Peer 1: 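Below: one structure in structure tokens.
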Amino acid sequence: MGISVYNTLTGKKEELKEVHPGEIRMYVCGPTVYDDSHIGHGRAAVVFDFIHRYLEFRGYKVTYVRNYTDVDDKIINRANADGVPAAEISERYIKSYESDMEALHVAKPDFTPKVSGHMPDIIATIGALIEKGFAYASGGDVYFSVRKFFNYGVLSKRTLDEMESGARVEINEAKRDPLDFALWKAAKPGEPKWASPWGDGRPGWHIECSAMSTKYLGNPFDIHGGGKDLIFPHHENEIAQSEAAYGKKMVKYWLHNGFVQINSEKMSKSLGNILLIRDLLSRYHPEVLRYFYASAHWRSPIDFSEDNLLQAEETLWRFYSAFNKIQKLAKAAGEAKLLSEGQLWERLNKLEDEFKEAMDDDFNSAKVIGIFNDFLRLLNQSLDNGKFIKNPAGVALLEKSWRQLTRLGEVLGICQDDPAAYIEQGKLKGLKIMGLEAFAIEKKMQERSQARLDKDFAKADAIRSALLEQGILLEDSREGTSWNIDIKQVHKKLQPPGGKK
RNA sequence: GGCGGCAUAGCCAAGUGGUAAGGCGACGGUCUGCAAAACCGUUAUUCACCGGUUCGAAUCCGGUUGCCGCCUCCA
């Protein structure tokens, strides 16, 4: 069984059959760089990162292109508002996006082309469209004639007549048909412009992706991705342009990720509920975000709420707590032959197949999360078993199990940190937020340990509840007492009052 | 108005023809001086509603209701 993917073009899951054997070429619409990126951009990037990494995990040679739209009305508006050149705006927000992507551990695409760097390709594509009769120049603009392209509407599944009846298209004298869209826009004073056979101007929004995807990937290529909102008009127009210009099918599989909602509402500037990636990353470890993104299917809407993120954080913490225990045991036990029997051993041997089965089925990361949690329970069962962890072979099996979760988790970008470091950063961050110092906690813990030795449990319990009120949980075990951060209290403190639903 | 999608327990969320994964929460238990953590057990006879197809449907078909997205910039 191979990989199956849900294709917007057909509305069905289909078996993934690559155009070139052993190779997958994919193009994903990146951001228009006029502002800092929000968690919706983050989701698109992370979802296609899962897909990118999984295809590589499955042995494909993947060529991944994600573009920047750096020539656009919104950028020009922003530049005018800030009183700086448009190029400065786009450059600033490309840097911002790249730093967010790095922070989210999104693997770099092979190419990240910009519109401004591909004018000759874009102009050539427009030229070809005019030559073949699909486009016409009109007063310094160039338009694509949608009625000339027989297949217009295949992706968004609507007909030109339907569009026309519901049209809310502005009247534009230059267009022959109100549904025609711009390939080239004549420059207005003060706007960035490039020379072209139709006069100075700049490309329309959609043509860049046709020109650049063709340049880097050829036609047809395997996967084209983007947010659901791009289906119409952006991707519909891309198909029209590419297929008209090059006379070949453009893309085999169209993948569209679901939207992010905030407390079940649409995230939008007008609602004022935009959550920036960097704001979230100031409060959550990047793996928490990735875990959260992975916990829903990539095509479904996903609801960002503090409760949901908190849940992701707690569950991820369970993984790292277990890994932390395993790591310590492994260091103490040293090299040993692997225990090759029992439930854990058997499940470990099946884990990769389970993982593949889930991911092969339309990249079902949510199912993988379920499988991982199931496996974690087995790990904890063994960790609870005194005999098991005294046996070096058992410890070796635990370590191997942890390594396997790390190996498979790489595709989703979770379980990649050093456990001790992960736990440590979580505790340090918590302390900072709660305004506490580790040595003060340790001092209290010593006092409490003495009280416990003296059997003065009233005093010991008083110390414990005092710490708990400050957000510190104490955990007694055979090896002694350790402290932990009460994540819920930390986040309560972080949340603006009344900001949570 | 047109087009597309979604509706699974208190909450989050898998499951597209064979009798409901996983997480959070809650409750009971083991462990503990007591807790916490971890583990064990319980927590949806049922998948918005109505009808149909089928030996059999959360899964397919038709209808109803509700929610969301797109049709204008948007990941």
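In the text below, chain A, chain B and the rest are named by the order of the sequence lines, each starting its count at 1. Predicted model, so just to flag it, every value in this text is computed and none were measured.
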Peer 1: Does any donor-acceptor pair link the side chain of A:R158 with the base of B:G4 at a separation under 3.5 Å?
Peer 2: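 Side chain to base: no pair below 3.5 Å.
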
Peer 1: Expressed in whole Å, how much space separates the P atoms belonging to B:A37 and B:G28?
Peer 2: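 Pairwise P distance, B:A37 against B:G28, rounds to 15 Å.
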
Peer 1: Counting only side-chain heavy atoms from C-beta out, which of B:C34, B:A14, B:C70 sits nearest to A:D461?
Peer 2: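 In terms of side-chain proximity for A:D461, the closest of B:C34, B:A14, B:C70 is B:C34.
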
Peer 1: Would you say the side-chain atoms of A:N237 and A:Q241 include a donor-acceptor pair closer than 3.5 Å?
Peer 2: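 No.
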
Peer 1: Would you measure the distance from the C1' atom in B:C60 across to the matching atom in B:G23 and give it in whole Å?
Peer 2: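 It comes out at 31 Å once rounded to the nearest Å.
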
Peer 1: Nearest-Å distance, CG (A:L310) to C1' (B:A13)?
Peer 2: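 After rounding, the gap between these two atoms is 17 Å.
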
Peer 1: If the P atom of B:U16 is compared with that of B:A58, how far apart are they to the nearest Å?
Peer 2: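 Nearest-Å result for B:U16 against B:A58 at atom P: 13 Å.
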
Peer 1: Taking the six-membered ring of A:F111 (Phe, Tyr or Trp), confirm whether the NZ or CZ of A:R66 is under 6.0 Å from its centre and within 45° of its axis.
Peer 2: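 Not flagged: A:R66 not positioned over aromatic ring of A:F111.
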
Peer 1: Hey, is the side chain of A:N364 pairing donor to acceptor with the base of B:G15 inside 3.5 Å?
Peer 2: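 Side chain to base: no pair below 3.5 Å.
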
Peer 1: Choosing from B:C12, B:A75, B:A14, which nucleotide comes nearest the side chain of A:Q311?
Peer 2: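 Given the options B:C12, B:A75, B:A14, the side chain of A:Q311 is closest to B:C12.
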
Peer 1: Testing A:D362, A:T8, A:N257 for side chain to side chain donor-acceptor pair (under 3.5 Å) with A:R299, which one passes?
Peer 2: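 Looking at A:D362, A:T8, A:N257, the match for A:R299 under the side chain to side chain donor-acceptor pair (under 3.5 Å) is A:D362.
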
Peer 1: Expressed in angstrom and rounded to an integer, what is the separation of A:H297 atom NE2 from B:U8 atom C1'?
Peer 2: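 Rounded to the whole Å, the gap is 16 Å.
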
Peer 1: So, is A:W317 near the phosphate of B:A37, with a side-chain N or O under 4.0 Å from OP1 or OP2?
Peer 2: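 No.
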
Peer 1: Counting side-chain heavy atoms from C-beta on, which of B:C70, B:A36, B:A13 comes nearest to A:D229?
Peer 2: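 Among the listed nucleotides, the one closest to the side chain of A:D229 is B:C70.
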
Peer 1: Salt bridge check: are A:E314 and A:R318 linked by an N-O gap of less than 4.0 Å?
Peer 2: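 Looking at A:E314 and A:R318, the cut-off is not met.
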
Peer 1: Given B:C39, is OP1 or OP2 found less than 4.0 Å from the side-chain N or O atoms of A:N380?
Peer 2: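 The answer is yes; a side-chain N or O of A:N380 sits under 4.0 Å from OP1 or OP2.
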
Peer 1: Looking only at atom C1', what distance separates B:C50 and B:G66, rounded to whole Å?
Peer 2: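 The same atom, C1', in both gives a distance of 15 Å.
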
Peer 1: Quantified in whole Å, what is the P atom distance between nucleotide B:G56 and nucleotide B:U8?
Peer 2: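 Looking at atom P only, B:G56 and B:U8 are 26 Å apart.
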
Peer 1: Determine which nucleotide pairs with B:G1, using a 3.5 Å limit on both distances of a Watson-Crick or G-U wobble pair.
Peer 2: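 Answer to the pairing question: B:C71, which forms a Watson-Crick or G-U pair with B:G1.
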
Peer 1: B:G51 and B:U72: how far apart are their P atoms, nearest whole angstrom?
Peer 2: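 Between the two P atoms, the distance is 41 Å.
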
Peer 1: What about the rings of A:F48 and A:Y64, do their centers lie closer together than 6.0 Å?
Peer 2: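 Ring centres of A:Y64 and A:F48 not closer than 6.0 Å.
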
Peer 1: Has the side chain of A:R43 got a donor or acceptor atom sitting under 3.5 Å from an opposite partner on the base of B:A75?
Peer 2: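 Check fails, no donor-acceptor contact within cut-off.
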
Peer 1: From CZ of A:R318 over to P of B:G22, roughly how many Å is that when rounded to an integer?
Peer 2: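 Between P of B:G22 and CZ of A:R318: 12 Å.
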
Peer 1: Using the benzene-type ring in the case of Trp, are the ring centres of A:F355 and A:F375 under 6.0 Å apart?
Peer 2: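 No: the rings miss the under 6.0 Å criterion.
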
Peer 1: Would you call A:W345 and A:L339 a side-chain contact if the rule is heavy atoms closer than 4.5 Å?
Peer 2: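 No; the side chains remain at least 4.5 Å from each other.
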
Peer 1: Record whether the side chain of A:D73 comes under 3.5 Å of the base of B:C73 through a donor-acceptor pair of N or O atoms.
Peer 2: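 Answer no: no donor N or O sits under 3.5 Å from an acceptor.
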
Peer 1: Where the side chain of A:H41 is concerned, which of B:G4, B:C74, B:A75 is the nearest nucleotide?
Peer 2: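 Output: B:A75.
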
Peer 1: If only side-chain N and O atoms of A:Q381 are considered, is one of them under 4.0 Å from the OP1 or OP2 phosphate oxygen of B:C40?
Peer 2: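 Checking A:Q381 against B:C40: at least one side-chain N or O falls below 4.0 Å of OP1 or OP2.
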
Peer 1: The side chain of A:R464 lies closest to which of these nucleotides: B:C34, B:U16, B:A13?
Peer 2: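 Of the candidates, B:C34 comes closest.
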
Peer 1: Can you figure out which of B:G23, B:A14, B:A36 approaches the side chain of A:E475 most closely?
Peer 2: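 The nucleotide sitting nearest to the side chain is B:A36.
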
Peer 1: May I ask you to verify if any side-chain N or O of A:S300 is less than 4.0 angstrom from the OP1 or OP2 atom of B:A14?
Peer 2: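 The answer is yes; a side-chain N or O of A:S300 sits under 4.0 Å from OP1 or OP2.
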
Peer 1: Can you tell me the base-pairing partner of B:U46? Count Watson-Crick or G-U wobble geometry only, both distances below 3.5 Å, and say none if there is no partner.
Peer 2: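 Paired with B:U46, as far as the under-3.5 Å criterion goes, is no nucleotide at all.
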
Peer 1: Can you tell me, in whole Å, how much space there is between the P of B:G29 and that of B:A36?
Peer 2: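 It comes out at 12 Å once rounded to the nearest Å.
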
Peer 1: Please pick, from B:A38, B:A75, B:C71, the nucleotide with the shortest atom-to-atom distance to any side-chain atom of A:K325.
Peer 2: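 Of the candidates, B:A38 comes closest.
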
Peer 1: Consider the side chain of A:W205, meaning its heavy atoms from C-beta on, and name the nucleotide among B:A36, B:C74, B:A75 that approaches it most closely.
Peer 2: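 In terms of side-chain proximity for A:W205, the closest of B:A36, B:C74, B:A75 is B:C74.
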
Peer 1: Please report the distance separating the P of B:C61 from the corresponding atom of B:G17, rounded so that it comes out in whole Å.
Peer 2: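 Per the computed distance, 12 Å lies between those P atoms.
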
Peer 1: In terms of the nearest nucleotide of RNA chain B, which residue is placed more toward the 5' end: A:T32 or A:D303?
Peer 2: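 Comparing both residues, the 5'-ward one is A:D303.
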
Peer 1: Can a donor-acceptor pair under 3.5 Å be found between the side-chain atoms of A:R377 and the base atoms of B:C39?
Peer 2: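 Flag unset: no donor-acceptor pair detected.
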
Peer 1: Could you check which nucleotide pairs with B:G17 in any of the strands shown, counting Watson-Crick or G-U wobble with both distances under 3.5 Å?
Peer 2: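 Partner of B:G17: none found under 3.5 Å.
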
